[in-house]
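All ligand and atom numbering here is 1-based and tracks the order in the structure. Both backbone and side-chain heavy atoms feed into the values below; hydrogens, waters and symmetry mates do not.
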Amino acid sequence: MKKVRKAIIPAAGLGTRFLPATKTIPKEMLPVVDKPTILYVVEEAVRAGIEDIVIISGRGKTAIEDFFDNSYEVQDKLSKDGKTHLLERIEKAKNLANIISIRQKEALGLGHAVLCGRPVVGDEPFAVLLADEIMVGTPTVTEELADQFHKTGISTIALMEVAPSEVSKYGIVKAEPMAPGLLHHPGKLFNITQVVEKPSASEAPSTLAIPGRYVFEGAIFEEIKNLSPGKNGEIQLTDAILKLAQKGRMNGMMFSAQRFDAGDKLGYLKANIELGLIHPETGDGLKEYIKYLAKKL
Ligand code: G1P
């Protein structure tokens, strides 16, 4: 079986939840402490053995491509100033993987964005990582999904439990546990039988949601290609997931990493605080500040 060596990172969305900040800056470039969110996501993919990363971009997103390219002026200045640590960080970030950029010319949905990566991925298995979710922990979610995929050859996507009030934000699955034991334990495997994109609480088949981490067999592309527009008139990735599920070829897996929804204002702030607390330059100062704030609140 082919190993998962390629990933698609859809990053063509307009980032309306962060306007006006994202009028001229791609949301994927907003910093969490000192790294753009997309760098956390690329690092996660690379730790899972991914070598080629297809970024699905759109108009106004060239800052993402530039980030993974040389920046001679900045590098020259850091080198002349002897700031080798920063220079090394920049060098490392741009050499993490082969970054390939493909434009999605029209916002036709997440499924369509993933299909745009087909010319690079071909028939190989591949990972999809949504760029506004930061997953922190070892092993990484993509690593766990790829390891599982390598055992079975069956597409495997991350699952997480959400509150009933949250189901309308996610793809929600109906799934049968593949073995007895605790349902929400990291590594717990499910056989997915039904998927509904952003259902109301009354329509939801469960409270098991799909966060933005997936490993697919190449066959998903043909399923996406044959889809008609679904929820909100868009080509939905969840509809293609359902097609493979109906063929008995879609597993779900609980994961161990901590997830931050950096595409949401509050989630973004939480990511900055938690990652700021473990950052060597900001951890102590931020801890003091939080204690001070807690007294004031
Ligand atoms: C997308 C998917 C949805 C998934 C979610 C995870 O929705 O369509 O199935 O649960 O990402 O964040 P979006 O948040 O892009 O609207």
Side-chain angles (χ1 to χ4, degrees), residues 7-19 22 26-28 30 37-38 40-41 44 55-58 61 104 106-117 127-136 141-142 145 155-175 190 192 194-201 203-216 220 223-224 227-245 250 252-255 257-268 270-271:
I8 295 177
I9 301 184
L14 290 177
T16 43
R17 280 190 280 178
F18 277 96
L19 282 170
T22 46
K27 64 173 175 170
E28 297 78 9
L30 294 177
T37 56
I38 197 159
Y40 289 91
V41 178
E44 177 188 334
I55 294 179
I56 309 299
S57 71
K61 298 276 184 163
Q104 184 190 24
E106 282 177 276
L108 298 178
L110 181 59
H112 177 263
V114 170
L115 188 60
C116 289
V128 173
L129 298 90
L130 301 192
D132 48 15
E133 291 176 47
I134 296 177
M135 306 286 201
V136 180
V141 185
T142 303
L145 296 176
S155 300
T156 307
I157 64 176
L159 293 178
M160 64 179 185
E161 186 69 36
V162 295
S165 58
E166 297 273 287
V167 291
S168 61
K169 291 187 187 170
Y170 297 100
I172 302 292
V173 303
K174 186 173 175 199
F190 293 83
I192 295 176
Q194 169 69 298
V195 196
V196 188
E197 176 69 4
K198 303 196 176 93
S200 64
E203 291 161 346
S206 77
T207 44
L208 269 185
I210 309 175
R213 296 293 184 271
Y214 318 74
V215 166
F216 293 122
I220 191 110
E223 302 293 354
I224 301 174
L227 289 177
S228 308
K231 184 103 184 176
N232 302 329
E234 295 181 346
I235 302 293
Q236 294 290 352
L237 184 59
T238 36
D239 290 341
I241 292 173
L242 176 61
K243 296 282 180 201
L244 284 184
M250 188 57 65
M253 190 182 192
M254 305 301 277
F255 56 94
Q258 188 180 4
R259 170 183 181 266
F260 296 101
D261 182 1
D264 164 80
K265 285 189 191 78
L266 185 57
Y268 176 77
K270 287 180 183 172

**For atom 2 (C) of ligand 1, the protein heavy atom that lies nearest, with its residue and separation** = Glu197 OE2, 3.6 Å
**Request:** Examine the side chains of Gln104 and His112 and answer whether a donor and an acceptor come within less than 3.5 Å of each other.
**Result:** yes
**Request:** Keeping the roles fixed (side chain from Asn232, backbone from Glu234), state whether a donor-acceptor pair exists under 3.5 Å.
**Result:** no
**Evaluation steps, side chain to side chain contact (heavy atoms under 4.5 Å, CB included), between Met250 and Tyr214** = CA-CA 10 Å; Met250 188 57 65; Tyr214 318 74; over 6 Å; no
**Asked** Just checking, is any N or O donor in the side chain of Glu28 or Thr37 under 3.5 Å from an acceptor N or O on the other one?
**Response** no
**Asked** Tell me, which protein residue and heavy-atom name are nearest atom 4 (C) of ligand 1, and how many Å apart are they?
**Response** Ile210 O, 3.3 Å
**Prompt:** Any non-hydrogen atom of Leu237 lying under 4.0 Å from ligand 1?
**Reply:** no
**Item:** Proximal ligand 1 atoms for Thr238, defined as those under 4.0 Å from one of its heavy atoms
**Value:** 9 (O)
**Asked** Numbering the atoms of ligand 1 from 1, which are under 4.0 Å from a heavy atom of Lys198?
**Response** 7 (O), 8 (O), 13 (P), 16 (O)
**Complete:** Rounded to the nearest 0.5 angstrom, the CD-CE distance for Glu161 and Met254 is 6.0 Å
**Message:** Quiz question for you: does at least one protein heavy atom lie closer than 4.0 Å to atom 15 (O) of ligand 1?
**Reply:** no
**Message:** Using a 6.0 Å cut-off, check whether atom CG of Leu14 has over 12 heavy atoms from anything other than its own residue.
**Reply:** no
**Message:** Donor-acceptor pair, distance only, cut-off 3.5 Å: does the side chain of Arg259 make one with the backbone of Met160?
**Reply:** no
**Fill in**
Note: ligand 1 atoms sitting under 4.0 Å from heavy atoms of Gly171 are 3 (C), 4 (C), 9 (O), 10 (O)
**Request:** Quick one: look up the protein heavy atom nearest atom 6 (C) of ligand 1 and list residue, atom name and how far away it is.
**Result:** Glu133 OE2, 3.3 Å
**Prompt:** Just heavy atoms, cut-off under 4.0 Å: does Leu130 contact ligand 1 by side chain, backbone, both, or neither?
**Reply:** side chain
